[in-house]
Each structure stands twice: as structure tokens, then as C-alpha cells.
Protein chains: 2
Amino acid sequence: MAARDYGQYGGIPRALELVGERWALLIVRDLLVGPRRYGELAEGLPRIPSNILAARLKELQEAGILRRAPRSRVIVYELTPYGRELEPVILALGAWGFKALEDPREEQIITPDSMTMDLRAAFRSHVAADLPATAYAARVGQAELLIRVDGSSLDVMRGDGPADLAFAAGPDIRRLISGELAPSRAIETGVVEVLHGRGALLDRFASTFHLAA
Amino acid sequence: MAARDYGQYGGIPRALELVGERWALLIVRDLLVGPRRYGELAEGLPRIPSNILAARLKELQEAGILRRAPRSRVIVYELTPYGRELEPVILALGAWGFKALEDPREEQIITPDSMTMDLRAAFRSHVAADLPATAYAARVGQAELLIRVDGSSLDVMRGDGPADLAFAAGPDIRRLISGELAPSRAIETGVVEVLHGRGALLDRFASTFHLAA
DNA sequence: CCGCATCCCATGTGATACTG
DNA sequence: CAGTATCACATGGGATGCGG
């Protein structure tokens, strides 16, 4: 790539040369959830122009961060091992940015992949380790996620499924994760709507996923 | 700021809105080493145009990441507590990018602040904890650094001073830190020139600072 | 001199249209 | 569906200017 140069020799300038261009880290974020087709990426990044998506995919590929892989007649993009090493960076960045979230603007949407990575960033494995295994089915905006916590491991999948607690919420779920809003209050005020299961399990959810300013 | 929008609501898009613009993270990196004046920042970022530096400083200030602080007649820029929380992000990014470093291009320089943060990223505190306290005086390119390791704590200062080992090196010191080049070979081949002290201490340096692909 | 602001041009980006 | 092509525009880069 060797695109735009910062004139410096060091780890950070080098990283920014590789993934510092606009949209690049969002593409990597979505691919950290799993391999994606071109159209799936475009769908998850609604405002990216197609020429930019194509250009970034080419650059990230040349940088050895992702590869095009043929999967039974269709092509998917997947991270290379080196690309997957960006996970700590993305999680740290997401945790930091999460704390600066304000109320969503009109046009801002929540995608399944973005929600998945935010949950990973907010996941407190040491807390979860002391809690019983739990499955949550969450609908947040457009995103339908099946969240399974078992010991200190977290698995987030798209779609629905059997769960101990099923709930729907809007972007205000951020207030639950930040601790700004207690679980009981979240239900009372309608920020979270319990669809199935004991609402008390939302306490467990809030202690498992927490990211405070 | 609310500059360019990604149309998504989440931690990572939010972070990129705040520090995703070109040069922003390099400014934060230098300020993580310590407060800096406008001219010092410009000196450490040789290729940044002055209008961009001024614009970024204003944006980062409005985002609550840094503040202008008057220090006895002159103004310095320093990180706010929230800005300092970017340190894990910068270190993770630097560690990742370090592994992708190739041979330096002609115009690429090493600045004291960039070298300092790279050393912090490569520092293995658990290794250092088992080694005797050591002070290194390193001259790498333009940068003169005094590196003091004591237990699991690391302190890097600009300038010279008393040290157990003083050495000079070029950008190829990367090969020492990546493990590509053994300390003894580094001295033999002239990659590292020992100025003072026992060359054997370079072994200790290499185990203290290590970042392998 | 330091701390910017202004100007101009090259390049990257964004919206739309289009093609294999 | 998976991208290219085109073109208007915003941003970045480099030189220069300028007030305190």
C-alpha cells in the first residue's frame, strides 16, 4: 500500500498507514465477527460508497490484513491471522469510544456486527465466570442477536434462538451498559422491553456487560 | 466536532469520529509522553501542515481529549484524563504496527516521542520484574533517550544521563526488538554500537523490550 | 521567534450511474 | 451481486504571510 506517508518510522505511523484510512477499521471490525461477502459489508456500512469499499478491500488485501476467499461459487472476505491481531486494538478503541457515546443522531443505525463488537468490548469475563451460563436473545434496533455467556466465554450470533431472557431495546441500551440506568428502571421506563423470561435476568446482563465512563 | 459521520451508532464509529482524522492519533501519541508546545508538536511531526495541526488541536480540544494549559507565559497542550485513556489503544496499535515495519524509507525519521511510545509498546513488564534495575542511554537516529527500568516499571526520558549501558543505533534496532537479530550479532554487525558499559547488557535490553511478528 | 491563518493545488472522498 | 466509471466537492499538503 505505502499510501500516504507520515514521514516517521515507528509502530503507530506504520499502523496508521495500513488501517488509518477512512472506513478501514470499520471493515475490519465487521470481519472480526466473521467472513463477509461484498454485499454484506456494504449492507453493514450503509453510508460507504461502493468505490470506497472496493478500494479499501483492495488496499487491506495488499497489506495482508484480509484475503478474498472463494466459498462454493461466491467470494467472501476474511481476515488473515495478522488481520485478526487487530482485535485488541478494535476492542480498546470501541471501549474508549463507547464512553463518549451520546444520544444517537437521526440517521445513525445499529448493525448486528457493530452491536456484536460493542458487546465484546463491554464483556467482563471475570464477572461472567462467577455467574451461571445464560443465553440472551436481544433485539436492538435492526439487530437480532443471540448472546450466549458460558463461564468466561462469550459467543454472539446473529438471529434468534432459545434464550433464558429475550428482550427488545433501542440505542438507549447504552445507558444500561454504562450503569447510568439500573436494570429495573430500564424495564419500568420501557427502554428495555422483556419479551420472554424473567426480567430479573436483566441484572445479570448488566453486570456481565458493563463499560462505565 | 461531529465532523464526518459514519451513520452508525456504536463505540468504534464514535471513536473514529473523535480521533479517526489524519494525524490525530499521532498528536495524541506525542502528548502521551508529556505536555508539548505547539512548536514541539510541529517539530515531532515534520510533515504535518501547520493549518492541519491547528485544526486538529482545536477539534481534539472540543472533543475533550486535550486542553490548552498556560504554563508560565507559554501555552502547552496536555491530555485530559479522558485523552489519557487512549493509551491502551495507542499501545495496542503501536504493537500491531511495529510487527509490520519494514526497512525505513529515505525520508522517514525517528523522533524521541515516537521511539518512547514504541518502547512502551514493546516493554514486557513481567520479564523486567525478574531482572535487576537497569538504566540505558540510547541514541537512535535523532532521538536521545534515557531508559530506566526498575522492577515492572518503565521510565523513558529525553536526553542523556548516567546509564549502565550506553549505545547508538539506527532504525535497524527494530530487528533487535523483533528477535530477528541476536544482541551479540547486533553488536558484531554494527547495528548497535556500544558507547559505554558492558555489551552483554544488550541481552537484558532485548529481553526487556520484545515484540515479535 | 512562536502560534497560528491564508492561499492554492493535488488528492481522496462521496453520490450516482453503469457494467459483466 | 459484485464491483467500475465518472465527476463534483471536501480535505490534505506545502508555501507563505502575519500579528503578538
Side-chain angles (χ1 to χ4, degrees), chain A residues 1-8 13 16-27 30-31 35-63 66-78 105 107-109, chain B residues 1-8 13 16-28 30-31 35-63 66-78 105-109:
Chain A
M1 166 166 189
R4 337 229 319 268
D5 192 3
Y6 287 95
Q8 288 194 351
L16 292 176
E17 282 173 24
L18 297 175
V19 295
E21 301 293 310
R22 195 164 157 75
W23 296 104
L25 280 180
L26 289 179
I27 294 171
D30 285 3
L31 291 179
R36 292 284 181 267
R37 300 172 55 174
Y38 184 93
E40 293 175 316
L41 288 170
E43 192 185 356
L45 274 13
R47 318 228 328 178
I48 195 175
S50 60
N51 57 343
I52 301 293
L53 176 56
R56 290 294 170 274
L57 288 173
K58 195 172 295 179
E59 292 159 5
L60 291 171
Q61 192 184 345
E62 284 166 10
L66 56 81
R67 71 168 75 94
R68 305 175 80 213
R71 286 285 164 78
S72 64
R73 295 206 36 90
V74 297
I75 285 176
V76 297
Y77 294 89
E78 61 181 14
R105 291 188 285 277
E107 77 290 0
Q108 290 188 314
I109 65 166
Chain B
M1 166 168 185
R4 332 217 337 256
D5 193 2
Y6 288 96
Q8 288 194 353
L16 293 176
E17 282 173 23
L18 297 176
V19 294
E21 301 292 310
R22 196 164 156 75
W23 295 105
L25 279 180
L26 289 179
I27 295 171
V28 172
D30 285 4
L31 291 180
R36 294 282 180 268
R37 300 174 54 173
Y38 183 94
E40 292 175 317
L41 289 171
E43 192 185 357
L45 274 12
R47 317 230 326 183
I48 195 174
S50 62
N51 57 342
I52 300 294
L53 177 55
R56 291 292 170 275
L57 288 173
K58 195 172 298 179
E59 292 159 5
L60 291 171
Q61 191 184 345
E62 283 165 12
L66 56 80
R67 70 169 74 96
R68 305 174 80 215
R71 287 285 164 78
S72 63
R73 293 199 46 83
V74 296
I75 285 177
V76 296
Y77 293 88
E78 62 181 13
R105 292 189 287 277
E106 184 53 45
E107 77 290 359
Q108 289 188 315
I109 64 165

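Naming convention: chains lettered A, B, ... in sequence-line order (proteins, then strands); numbering from 1 in each chain.
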(request) Could you tell me whether B:Lys58 and B:Glu21 have a side-chain N and a carboxylate O separated by less than 4.0 Å? (result) no
(request) Determine the minimum heavy-atom distance between B:Arg56 and B:Arg22, stating which atoms define it. (result) NE-O, 2.8 Å
(request) Could you tell me the separation between the CZ atom of B:Arg71 and the C1' atom of C:dG3, rounded to a whole number of Å? (result) 18 Å
(message) Ring-plane angle category for A:Trp23 and B:Tyr6, please: parallel below 30°, perpendicular beyond 60°, tilted otherwise.
(response) perpendicular
(request) Name the closest nucleotide to the A:Ile52 side chain, picking from D:dG12, C:dC2, C:dT13. (result) C:dT13
(message) On the side chain of B:Ser50, is there an atom forming a donor-acceptor pair with the base of C:dA5 - under 3.5 Å, no angle test?
(response) yes
(message) When you measure from the side-chain N and O atoms of A:Tyr6 to the phosphate of D:dG12, is any distance below 4.0 Å, counting only OP1 and OP2?
(response) no
(request) Of all the heavy-atom pairs spanning B:Tyr77 and B:Leu31, show the shortest one and how long it is. (result) O-CD2, 3.3 Å
(request) Identify which nucleotide among C:dG14, C:dA5, D:dG12 has an atom closest to any side-chain atom of B:Arg22, counting heavy atoms from C-beta outward. (result) D:dG12
(request) Measure the distance from CZ on A:Arg73 to P on D:dA2 and round it to the nearest whole Å. (result) 12 Å
(request) Just call it for A:Arg56: base, sugar-phosphate, or nothing, with non-hydrogen atoms closer than 4.0 Å on any strand. (result) sugar-phosphate
(request) May I ask you to evaluate whether B:Arg37 reaches the phosphate of C:dG3, defined as a side-chain N or O under 4.0 Å from OP1 or OP2? (result) yes
(message) If you assign each of B:Ile75 and A:Trp23 to its closest nucleotide in DNA chain C, which residue comes earlier from the 5' end?
(response) B:Ile75
(message) I want to confirm an ordering. Mapping B:Arg68 and A:Arg47 to their closest nucleotides on DNA chain C, which one lands closer to the 5' end?
(response) B:Arg68
(request) Send over the distance from B:Tyr38 OH to C:dC1 P, rounded to a whole Å. (result) 17 Å
(request) Mind calculating the distance between CD (A:Glu59) and P (D:dG3) to the nearest angstrom? (result) 15 Å
(request) Take atom CD of A:Glu40 and atom P of D:dA2, then tell me their distance rounded to the nearest Å. (result) 8 Å
(request) Return yes if the base of D:dG3 and the side-chain atoms of A:Asn51 contain a donor-acceptor N/O pair under 3.5 Å, otherwise no. (result) no
(request) Provide, to the nearest angstrom, the distance between the CD atom belonging to A:Glu43 and the P atom belonging to D:dA2. (result) 11 Å
(message) From CD1 of B:Ile48 over to C1' of C:dG3, roughly how many Å is that when rounded to an integer?
(response) 14 Å
(message) Using a strict threshold of under 4.0 Å (side-chain N to carboxylate O), is an ion pair present between B:Arg71 and B:Glu78?
(response) yes
